[in-house]
Peer 1: 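Pasting a structure here, questions to come.
Values below: every heavy atom of this structure, side chains too, minus hydrogens, waters and symmetry copies. Chain A is the first sequence line, chain B the second, and so forth, proteins listed ahead of strands; every chain is numbered from 1.
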2 protein chains.
Amino acid sequence: MSDKVTIYDIAKTLNITAATVSRALNNNPKISEATRLLVLETAAKMNYKQNKLAQSLRSGKSHNVGVIVPRIDSNFFASVIRGIEEELRPVGYHVIITQTNEDEVRQSENITALLNAQVDGILMSISNVSEANDHVINNVVKQNVPLIFFDRKKEMPGVSSVTINDFEAGYLATKNLIEQGCKRIAHLTGDLSLEIFINRKKGYQKALLDNDLVFNEDYVLQTKSSVDAGRQAVQRLLGLNTPPDGIFSSSDFAALGAIQELRERGIKIPKDVCVFGFGNEPFTRFMELSISSVDQSPLEMGRMAAKVFLEQINNTSKVKIEKKVVLNPELQIRKSSTRI
Amino acid sequence: MSDKVTIYDIAKTLNITAATVSRALNNNPKISEATRLLVLETAAKMNYKQNKLAQSLRSGKSHNVGVIVPRIDSNFFASVIRGIEEELRPVGYHVIITQTNEDEVRQSENITALLNAQVDGILMSISNVSEANDHVINNVVKQNVPLIFFDRKKEMPGVSSVTINDFEAGYLATKNLIEQGCKRIAHLTGDLSLEIFINRKKGYQKALLDNDLVFNEDYVLQTKSSVDAGRQAVQRLLGLNTPPDGIFSSSDFAALGAIQELRERGIKIPKDVCVFGFGNEPFTRFMELSISSVDQSPLEMGRMAAKVFLEQINNTSKVKIEKKVVLNPELQIRKSSTRI
DNA sequence: TAATTTAGTGCAATCGATTACTCTTATCCT
DNA sequence: AGGATAAGAGTAATCGATTGCACTAAATTA
């Protein structure tokens with residue numbers, strides 16, 4: 001009695017065919033009301049559960065989407081996923097999550113595995129841009145599986161994306177530091193093969209330019225998104241002849257490390273050095289010396305990505321939709337960059 | 001050329017049958033080496049992708065597991081999920097995540113949807129214990145779908161679980177406060193229909209008892225896991241005739257709120273009041289006044305839950321495994337509870 | 001009343017992969 | 001050389017749900 005009940009079992013019980021049962025369960029108008037009710041009742045009585053796998057095989061739709069992120073245990077990605085799940089669950093989609101750990105091999109494997117699993121779409125934040133990956137990603141497009149990038153994207157024909165305006169974010173954060181009187185602003189950047197970091201840096205540079213500040217290559221350090229990396233970056237910056245008086249970090253964790261290192265050396269924040277982070281991690285708000293940061297509205301980003309996916313799915317025309325949604329970053333200006 | 005290639009297509013190309021192709025792809029020894037290689041080569045050339053749905057339908061194994069959590073955008077749950085994914089990906093399982101938002105209706109819906117999707121197992125942290133839910137959860141067991149609780153469990157026959165020793169955690173945290181000289185220790189608890197909160201509270205009580213401190217009902221406040229709730233709790237505690245000199249909170253967020261409220265009122269931490277949190281959220285470590293907290297090793301918990309699931313799956317004997325894994329909590333003693 | 005429509009079901013193929021069973025050949029042994 | 005065995009491949013059923021087409025009987029129309 002525990003073993004799976006199928007429409008055939010119901011059919012046998014009622015002495016009708018599975019076709020009729022299927023139609024009844026799907027409210028097909030060709031079925032008499034009496035039969036329909038009888039089937040529904042019997043199905044409930046027998047504890048019938050629809051086998052989605054069979055349905056998926058037949059329809060070619062798995063009602064699953066794959067999500068690929070570098071890692072899920074980061075506030076940003078977890079929030080994006082939350083947004084995706086909340087948007088897709090009500091319309092009957094399940095969310096499969098996979099992590100790459102920034103490893104391009106795992107990224108390829110994940111994509112392939114998701115395609116094999118017949119997901120109806122892939123939402124991903126790219127980890128790595130390499131030839132091998134390009135090939136696999138192109139496979140997705142070739143197989144007509146909707147692909148949506150969020151946050152970390154890659155310019156590709158036929159692929160939609162949801163990002164924030166990283167250029168603007170970099171520009172505004174830097175401008176904020178300038179307005180606080182910073183003249184020598186350093187920038188902790190990330191993996192420059194990724195558009196987000198390129199754009200944040202460009203915004204930073206443009207803000208300097210617009211305010212007649214010189215751009216100094218020595219002030220730009222490639223830094224991992226970790227507290228330690230932030231500390232090390234500051235160590236290097238303090239070794240320069242003219243150390244910076246402002247830091248725009250493209251990672252909150254690096255910003256935190258920077259702050260810790262600066263304070264340990266007796267440098268006052270924001271008096272001597274102002275710091276601006278990126279990502280609006282929860283701790284930036286919680287610190288006694290709260291850290292200014294750029295909010296990327298991850299929840300909204302996830303929701304948007306899901307919506308774009310649904311649009312693609314429901315797009316009946318032959319013309320492929322290629323939508324580029326750009327969300328506005330929001331500055332959270334806090335103590336670490338507020339001198340007045 | 002973009003459309004799905006099946007084994008029938010390969011078969012037609014090579015003028016053999018699909019059965020042979022299938023055997024060749026599965027390294028069935030009954031196939032000649034020559035044919036095998038030919039098939040493999042052709043499959044690669046035609047960009048063949050195995051349709052897991054079809055395979056799943058036939059085998060009755062979806063190679064998907066469902067994970068149900070209250071919400072994914074919490075460091076704890078995200079880390080658990082990370083652990084689950086890392087353990088299951090290498091063995092070919094996909095992880096479907098769903099959230100309940102602590103809503104019992106959504107919880108039931110999610111369970112049902114996952115069962116319909118034919119998941120091979122469900123790993124969940126229970127949100128709510130009610131009659132309706134009991135019924136649905138029992139369904140899982142009845143259908144012989146391995147069910148593993150993590151963190152928030154419910155005692156049920158035939159169901160495995162991975163938790164930390166919450167009693168011990170509550171005991172040790174409270175003991176730490178006592179050792180720091182606290183005599184009047186308050187406890188911010190959670191939803192007392194959940195075992196975790198009951199056990200933490202019991203540990204707290206036992207520690208008081210063992211150290212000849214009186215248990216005062218007024219010192220126990222049911223508090224949501226949020227900064228605001230923590231603040232409110234402190235407001236109420238300070239209204240008592242003899243306010244506490246120590247707080248053991250079963251939530252880091254509430255602990256943070258408590259600290260903020262106390263400090264705003266000029267109460268010194270840890271001098272006047274010591275505070276101990278629960279969960280080891282990242283910010284507890286990052287604060288200048290770092291917050292003592294109980295670490296639940298979420299990554300390990302996720303890994304363990306996944307391992308227990310795999311054991312169940314691979315258990316060929318008819319005897320059901322019912323495994324209760326209890327991890328040891330680890331105190332992270334920090335400034336908020338260190339007077340010396 | 002005869003012809004035609006319609007409501008309600010059944011039949012059987014399909015989605016793609018797997019596998020127990022059957023059937024050819026080729027090889028082996030005495 | 002004749003029969004036994006094995007190697008390699010084909011046939012067809014199966015997993016569960018869906019759906020175009022066919023069919024029957026009742027209802028409608030002329």
Peer 1: May I ask you to decide if B/S125's main-chain N or O and B/R152's side chain share a donor-acceptor pair within less than 3.5 Å?
Peer 2: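 The answer is no, because no donor-acceptor pair under 3.5 Å joins these two groups.
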
Peer 1: Heavy atoms under 4.0 Å, any strand shown: does A/L53 hit a base, just sugar-phosphate, or nothing?
Peer 2: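 No contact.
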
Peer 1: Backbone N or O of B/D9 within a donor-acceptor pair of the B/T13 side chain at under 3.5 Å?
Peer 2: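 Side chain of B/T13 to backbone of B/D9: a pair is present.
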
Peer 1: Would you confirm whether B/Q107, through its side chain, and B/N101, through its main-chain N or O, come within 3.5 Å as a donor-acceptor pair?
Peer 2: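 Not at all, since once roles are kept as given, no pair shorter than 3.5 Å links the two residues.
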
Peer 1: Without swapping roles, check the side chain of B/S74 against the backbone of B/F77 for a donor-acceptor pair under 3.5 Å.
Peer 2: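 Pair found, side chain donor or acceptor close to backbone of B/F77.
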
Peer 1: What integer distance in Å separates B/D9:CG from C/dA17:C1'?
Peer 2: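 Going from B/D9 (CG) to C/dA17 (C1'), I get 13 Å.
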
Peer 1: Quickly work out the B/R58 CZ to C/dT14 P distance and round it to whole Å.
Peer 2: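 Those two atoms, CZ and P, are 18 Å apart.
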
Peer 1: Got B/V140 and B/L147 here, is their nearest side-chain heavy-atom distance under 4.5 Å?
Peer 2: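 Counting from C-beta outward, B/V140 and B/L147 do come under 4.5 Å.
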
Peer 1: In terms of the nearest nucleotide of DNA chain D, which residue is placed more toward the 5' end: B/A19 or B/L57?
Peer 2: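 Mapping each residue to its closest nucleotide by heavy atoms, the 5'-most match is B/A19.
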
Peer 1: Closer to the 5' end of DNA chain D via nearest nucleotide, is it B/I16 or A/T6?
Peer 2: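 It is B/I16 whose nearest nucleotide is closer to the 5' end.
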
Peer 1: Quick one, which residues of residues 30-44 of chain B touch DNA chain C with a heavy atom under 4.0 Å?
Peer 2: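 Those residues whose heavy atoms fall under 4.0 Å from DNA chain C, taken from residues 30-44 of chain B, amount to none.
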
Peer 1: So, A/S62 side chain and A/Q118 main chain: donor-acceptor pair closer than 3.5 Å or not?
Peer 2: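 Checked: pair present.
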
Peer 1: Please report the shortest heavy-atom distance between B/A43 and B/L25, naming the atom on each side.
Peer 2: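 Closest approach of B/A43 to B/L25, heavy atoms only: CB-CD2, 4.2 Å.
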
Peer 1: Chain B on DNA chain D: first and last contacting nucleotide, 5' to 3', under 4.0 Å to a heavy atom?
Peer 2: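 Range of nucleotides touched by chain B: D/dG8 to D/dG16.
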
Peer 1: A side-chain contact here means heavy atoms from C-beta on lying under 4.5 Å apart; do B/V91 and B/L310 qualify?
Peer 2: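 In contact.
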
Peer 1: Using a heavy-atom cut-off of 4.0 Å across all strands, would you classify B/N26 as base, sugar-phosphate, or nothing?
Peer 2: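 Result for B/N26 = sugar-phosphate.
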
Peer 1: Are more than 12 heavy atoms from other residues, nucleotides or ligands located less than 6.0 Å from atom NZ of A/K324?
Peer 2: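 More than 12 within 6.0 Å, yes.
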
Peer 1: Side chains of B/H94 and B/K52: does their closest heavy-atom pair fall under 4.5 Å?
Peer 2: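 Counting from C-beta outward, B/H94 and B/K52 never come under 4.5 Å.
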
Peer 1: Identify whether any heavy atom of B/T20 sits under 4.0 Å from a base atom; if not, whether one sits that close to sugar-phosphate; answer base, sugar-phosphate or nothing.
Peer 2: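 Answer is sugar-phosphate: B/T20 comes under 4.0 Å of backbone atoms only.
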
Peer 1: What's the CZ-C1' distance between B/R23 and C/dT18, to the nearest Å?
Peer 2: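 Rounded to whole Å, this separation is 9 Å.
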
Peer 1: Mind checking whether A/Y93 and A/E85 have side chains closer than 4.5 Å, heavy atoms only?
Peer 2: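 No, every pair of side-chain atoms sits at 4.5 Å or beyond.
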
Peer 1: Expressed in angstrom and rounded to an integer, what is the separation of B/I10 atom CD1 from C/dT18 atom P?
Peer 2: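 In whole Å, C/dT18 P lies 11 Å from B/I10 CD1.
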
Peer 1: Rounded to 10°, tell me the angle between the two end axes of the helix from C/dT1-D/dA30 to C/dT30-D/dA1, each built from five pairs.
Peer 2: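 Both end axes considered, the difference amounts to 50°.
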
